[in-house]
Amino acid sequence: MPVVAERQTDMKEIAGAAKTISDMFKTPETYSAERFKAAARTISDRADRRLVDQFAKVTVAEGSKATDVIATDHDRFAELARDLKTYADALSSAAERHPEAMSDDMLMKQGEAIGGGPLGTRVRSQASMSKLSAEHAFHLMLQTCTSCHSRFRSR
């Protein structure tokens with residue numbers, strides 16, 4: 001099915017973009033604001049409505065690990081898709097604010113709670129998002145992916 005192939009391609013692109021960002025956090029001297037922002041935009045462009053629409057057309061299909069829980073818990077799926085975009089957009093903004101180098105304020109501080117995840121709280125307001133380090137937003141984004149996969153993907 002074309003929609004399944006399309007969403008699988010999008011998921012691979014999201015994973016590749018997340019790896020690009022992760023590698024820069026692991027080795028900050030490799031940071032490139034341009035590549036960091038492009039990776040964040042790749043994720044943002046494939047989140048929210050685009051993601052929801054792809055799974056609204058066909059949920060369960062051969063070759064897909066998506067479950068029918070997406071259809072029965074559509075609101076939660078849409079919420080996670082929005083969260084994915086929110087965190088990716090925060091990463092893109094961080095790259096705009098840091099065009100030269102990955103500065104210390106982009107990295108998580110000692111004792112900064114990761115939060116998020118299936119049992120944690122999500123950051124909702126722009127004011128709260130602006131207080132997070134980019135690395136913290138990245139971890140929340142990854143937890144969003146994990147939450148979605150654990151709830152809506154067959155094992």
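The figures that follow rest on heavy atoms only: side chains count, while hydrogens, waters and symmetry mates do not. Remember, predicted model here, so these are calculated numbers, not experimental data.
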Colleague: Do E79 and T144 have side chains that approach each other closer than 4.5 Å (heavy atoms only, starting at C-beta)?
Modeller: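 Heavy-atom side-chain distance check fails, nothing below 4.5 Å.
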Colleague: Using side chain to side chain contact (heavy atoms under 4.5 Å, CB included), reason through S93 and R97 one step at a time and then give a plain yes or no.
Modeller: CA-CA 6 Å; S93 293; R97 291 189 312 275; 3.4 Å; yes
Colleague: Could you check if a side-chain atom of F138 sits within less than 4.5 angstrom of a side-chain atom of M108, using non-hydrogen atoms only?
Modeller: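 No, side chains not in contact.
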Colleague: Taking L142's backbone N and O only, do any of them form a donor-acceptor pair with T146's side chain (distance below 3.5 Å, no angle check)?
Modeller: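 Yes, the answer is positive, given that a donor and an acceptor are paired below the 3.5 Å cut-off.
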Colleague: Please check: side-chain N/O of T42 versus main-chain N/O of I14, any donor-acceptor pairing under 3.5 Å?
Modeller: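 The answer is no, because no donor-acceptor pair under 3.5 Å joins these two groups.
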Colleague: With a 3.5 Å cut-off and no angle check, do the side chains of D89 and S44 form a donor-acceptor pair?
Modeller: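 Checked: D89/S44 side chains pair up, N/O donor to acceptor below 3.5 Å.
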Colleague: Which distance, rounded to the nearest 0.5 Å, do you find between the CD of Q8 and the CD of E6?
Modeller: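 Answer rounded to 0.5 Å: 11.0 Å.
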Colleague: Applying the salt bridge (Lys or Arg N to Asp or Glu O under 4.0 Å) criterion to E13, which one of R46, R50, R41, R7 satisfies it?
Modeller: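 Option passing the salt bridge (Lys or Arg N to Asp or Glu O under 4.0 Å) with E13: R46.
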Colleague: So, S92 side chain and A88 main chain: donor-acceptor pair closer than 3.5 Å or not?
Modeller: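 The answer is no, because no donor-acceptor pair under 3.5 Å joins these two groups.
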Colleague: Could you go through I43 and I21, starting from their C-alpha distance and side-chain angles, then the distance that decides it, and tell me whether this counts as side chain to side chain contact (heavy atoms under 4.5 Å, CB included)?
Modeller: CA-CA 11 Å; I43 297 165; I21 293 168; 4.2 Å; yes
Colleague: Is it true that D48 and K85 have a side-chain N and a carboxylate O under 4.0 angstrom from each other?
Modeller: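 Judged by the 4.0 Å cut-off on N to carboxylate O distance, D48 and K85 do not form a salt bridge.
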Colleague: Would you give me the side-chain donor-acceptor pairs under 3.5 Å for residues 23-30, sequence neighbours excluded?
Modeller:
residue	atom	partner	partner atom	Å
D23	OD1	K19	NZ	3.2
D23	OD2	K19	NZ	2.9
T30	OG1	T27	O	2.6

Colleague: Does the pair V52 and H74 meet the rule for a side chain to side chain contact (heavy atoms under 4.5 Å, CB included), with working shown?
Modeller: CA-CA 8 Å; V52 170; H74 181 75; 3.5 Å; yes
Colleague: Without swapping roles, check the side chain of S22 against the backbone of A18 for a donor-acceptor pair under 3.5 Å.
Modeller: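 Not a single qualifying donor-acceptor pair exists.
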Colleague: Among H98, E96, M106, find the residue that satisfies the side chain to side chain contact (heavy atoms under 4.5 Å, CB included) test when tested with F36.
Modeller: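 Going through the options one by one, the only one that passes is M106.
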